[in-house]
Structures are given as structure tokens and as C-alpha cells.
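Note that the coordinates shown come from a computational prediction; the quantities given were computed from them, not determined experimentally. Residue numbers run from 1 in the order of the sequence given.
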Amino acid sequence: MEYVSRVPRPPLDGLIDDLYCLEGASPYARLTLPPMPSALLIVNLGAPFRIRARTDIETAEYADGCVVTMPTRAFEFGYPPETRSVGVHFKPWGLAPFLPMPAAELCDRPVTVEQVWGRPAVAELRDRLATADGPHEMLTLLEEELMRRLCETAGLGLVRHTSSVIAATSGAVAIGDLRVAAGVSSTHLAQRFKELIGVTPKRLARTYRFAATVFAINPAGPIDWGDLAGGAGYFDQAHFGHEFQAFTGLTPTRYVEVRRRFLREHPGHVLDGWPLPAD
């Protein structure tokens with residue numbers, strides 16, 4: 001599987017972590033993606049893929065691609081034998097200027113790109129991407145499309161600044177202090193966050209803390225769960241285990257078993273580090 005990515009030019013770099021092209025055979029037919037402090041846009045150029053976002057929602061098929069605001073739970077992606085797509089990893093607040101609706105309406109409910117940008121525009125974009133001369137031209141086309149669609153978004157400065165503080169502390173910051181520093185009420189801050197990110201500041205902080213904790217795990221070596229939980233600021237191991245189960249559907253030890261399976265079966269794979277085999 002080939003993965004090519006790059007950071008876009010300003011001002012998109014303040015909204016986006018990277019643009020990417022992904023092509024080839026998935027290491028597993030189904031992959032579980034635990035929540036990240038990130039939003040996602042995928043423009044699909046191959047066979048349809050499938051997403052199961054919640055246990056109470058049927059698995060849905062996506063032919064043109066999908067838009068996913070910052071999730072609060074793990075998603076399961078089902079891939080065709082060969083996948084081909086271009087996409088965007090947005091910062092939590094970065095998708096808002098490209099959405100015609102509040103992000104809260106899409107929380108844990110992926111939609112097609114056509115539902116966001118319209119069928120004619122997406123069909124034209126997919127045609128141009130599919131005939132582009134290689135991944136770098138594809139990323140340039142996608143970046144140009146995003147620049148064209150970029151618009152002013154009320155409240156984005158507040159949400160971006162506050163979220164950046166949360167990110168810098170890996171979620172270890174008192175939300176009340178952020179509200180006071182911003183000079184707004186807790187209700188106003190929460191409303192802006194839900195409109196532009198889809199979740200409250202407290203939920204974003206939880207996700208940043210969980211992500212930082214997971215990235216601190218080295219599945220190839222021994223793990224002291226007590227030290228890990230304490231270093232991440234969890235009250236105790238029970239609290240840590242509860243959060244882990246809520247975010248991934250797995251216990252910490254089971255999570256590491258699955259990560260070790262990925263390392264064993266696909267050493268050095270471009271996707272290793274976050275997605276988990278769901279088969």
C-alpha cells in the first residue's frame with residue numbers, strides 16, 4: 001500500500017494536518033479506527049468502502065467518499081480488495097469552514113461528500129483527480145479545491161485558539177480556566193465548539209489525552225499500566241481502563257494484543273500506529 005502526504009500551504013495549514021493519497025491493498029478487509037482529535041474527508045476513486053459508525057447504526061456504503069467530524073467512538077472501515085482515494089486529515093476545528101451545516105449534526109454520523117458539496121461538484125472533482133498525473137498532482141488539485149471553498153466562519157478564532165491550548169497540554173487543562181481566559185461563558189464556549197467541532201471542550205480534552213496516552217504505548221516492549229495511567233493524568237487504573245474501553249471497545253491489554261498482531265503480520269506498514277485489525 002502506498003501513502004503519500006504533505007502539509008498544505010497557508011492558510012490551509014492552520015486547518016489541516018495533511019493531505020494524502022492512499023492506494024493499494026488494505027492489510028485487513030476491516031479496520032477499526034479509534035477516535036482521534038481530528039476530522040476526516042475522503043474522496044474515493046476506487047470501489048466503494050463501508051463504514052460502521054455505531055453499534056445502533058447499520059453499516060453504510062460510500063462510493064464517492066465520506067466526511068467525518070471528530071468522532072467520539074471507534075469506527076469500523078470495510079475496504080475493497082484494492083482501495084484508491086485522496087483525503088484530508090483536518091485539525092478538530094479545520095473542517096468547519098467547508099461544511100454547510102453545524103458539525104454537531106454530523107457527530108458520529110459520517111455522510112457522503114456529495115451530501116456536503118453536492119453531486120455535480122463532487123463528480124467533477126473525482127473525474128479530475130482520477131485522471132491526474134500521479135499523487136502529487138492529485139494533492140495539488142485537492143488543495144486548490146479546498147482553497148476555492150474556504151470561507152469565513154464565525155467563532156473560528158475562539159475555537160481554534162482554545163483548542164490549540166487543549167492540544168498543547170494533551171488535554172490536561174481546566175476547561176474553566178480556558179473559558180475565563182477567553183472571556184466568554186461556559187455555555188457560549190460549549191456552543192461554539194459543538195457548532196464547529198461537533199463536541200464540547202471537555203470531550204475534546206478527553207480525546208487529546210487518550211490519543212497522547214495511546215501514542216506513548218510501545219506495543220513491542222513491556223508496559224507499566226500504572227505508570228502510563230498516572231503519567232496521563234487518569235485518577236487510577238480503573239478510570240484509565242474505563243476510558244480505554246469507551247474509546248476503543250477494547251481493554252488496554254486486548255488493545256496491545258491487537259497492535260502486536262498488526263506488527264507481527266505487517267511489520268513496517270504505512271498504516272501501523274492507529275488503525276487496528278477488526279477481522
Side-chain angles (χ1 to χ4, degrees), residues 7-19 33-41 67-75 87-111 116 146-147 149-216 231-235 239-240 242-244 246-247 274:
V7 177
R9 67 185 187 276
L12 293 179
D13 60 340
L15 303 170
I16 292 169
D17 286 322
D18 75 315
L19 311 172
L33 275 69
M36 274 282 285
S38 176
L40 176 67
L41 181 146
V67 174
V68 182
T69 56
M70 202 197 87
T72 69
R73 64 193 73 199
F75 285 7
V88 185
H89 291 122
F90 289 95
K91 299 178 188 297
W93 59 87
L95 185 57
F98 306 97
L99 290 178
M101 71 283 284
E105 292 184 12
L106 307 184
C107 185
D108 294 331
R109 295 181 178 274
V111 293
V116 175
L146 292 166
M147 284 293 295
R149 291 183 174 274
L150 182 62
C151 62
E152 292 292 328
T153 304
L156 185 62
L158 169 66
V159 171
R160 176 177 172 175
H161 173 75
T162 307
S163 299
S164 297
V165 176
I166 294 173
T169 62
S170 298
V173 61
I175 304 303
D177 292 344
L178 295 176
R179 175 194 65 76
V180 172
V184 297
S185 69
S186 56
T187 299
H188 178 81
L189 189 62
Q191 286 176 341
R192 284 302 195 194
F193 264 69
K194 294 191 77 172
E195 288 171 6
L196 303 187
I197 296 179
V199 300
T200 64
K202 183 177 180 180
R203 183 72 202 202
L204 179 64
R206 283 179 61 193
T207 306
Y208 268 112
R209 179 169 61 176
F210 171 75
T213 305
V214 169
F215 284 131
Y234 291 101
F235 300 131
H239 179 213
F240 173 69
H242 180 269
E243 284 286 273
F244 222 99
F247 274 100
W274 196 254

Min side-chain heavy-atom separation Lys91-Arg160 under 4.5 Å
no
Any non-hydrogen side-chain atom of Ile175 less than 4.5 Å from a side-chain atom of Thr200?
no
Contact check, side chains of Leu15 and Phe98, non-hydrogen atoms, under 4.5 Å
yes
So, for Ile197 and Ala103, which heavy atoms are closest and what is the spacing to 0.1 Å?
C-CB, 3.5 Å
List the atom of Glu195, the atom of Arg192, and the distance in Å for their closest heavy-atom pair.
OE1-NH1, 3.0 Å
Where does the angle between the aromatic ring planes of Tyr234 and His239 fall among parallel (under 30°), tilted (30 to 60°) and perpendicular (over 60°)?
perpendicular
For His161, is the NE2 atom crowded, meaning more than 12 foreign heavy atoms sit under 6.0 Å from it?
no
dist Ser186:OG -> Lys202:NZ (nearest 0.5 Å) comes out at 12.0 Å
Ile16 side chain reached by Leu146 side chain, heavy atoms, under 4.5 Å
yes
Does any part of the side chain of Lys194, heavy atoms only, come nearer than 4.5 Å to the side chain of Val199, both counted from C-beta?
no
Looking only at atom types and distance, does a side-chain atom of Ser38 sit under 3.5 Å from a main-chain N or O of Phe90, one as donor and one as acceptor?
yes
Is the shortest side-chain heavy-atom distance between Pro11 and Met147 below 4.5 Å?
yes
With sequence neighbours excluded, what pairs up with Leu33 under the side chain to side chain contact (heavy atoms under 4.5 Å, CB included) test?
Leu31, Phe77, Pro275
So, for Ala190 and Pro201, which heavy atoms are closest and what is the spacing to 0.1 Å?
CA-CD, 3.9 Å
Can you confirm whether or not the ring centre of Trp93 sits under 6.0 Å from the ring centre of Phe193?
no
Give a yes/no verdict on a cation-pi contact between Arg203 and Phe247, requiring under 6.0 Å between NZ or CZ and the six-membered ring centre and an angle within 45° of the axis.
yes
Given the options Leu178, Leu204, Val173, Thr162 meets side-chain contact (heavy atoms from CB on, under 4.5 Å) only with Leu178
Taking all non-hydrogen atoms of both residues into account, name the closest pair between Leu196 and Ala96 and its distance.
O-CB, 3.5 Å
Gap between atom CG of Asp17 and atom CG of Leu40 - 0.5 Å precision
11.5 Å
Apply side-chain contact (heavy atoms from CB on, under 4.5 Å) to the pair Thr169 and Tyr208, showing each step before the final yes or no.
CA-CA 9 Å; Thr169 62; Tyr208 268 112; over 6 Å; no
Is any side-chain heavy atom of Leu99 closer than 4.5 Å to one of Thr69?
yes
For Val7, is there any backbone N or O sitting under 3.5 Å from a side-chain donor or acceptor partner on Asp13?
no
In terms of heavy-atom contacts, Met36 and Met70 come closest through O-CG, 3.3 Å
Ring-plane angle category for Phe244 and Phe240, please: parallel below 30°, perpendicular beyond 60°, tilted otherwise.
perpendicular
Heavy-atom closest contact (Pro97 atom, Cys151 atom, distance):
O-SG, 3.0 Å
Heavy-atom side-chain proximity of Thr72 to Pro35 below 4.5 angstrom:
no
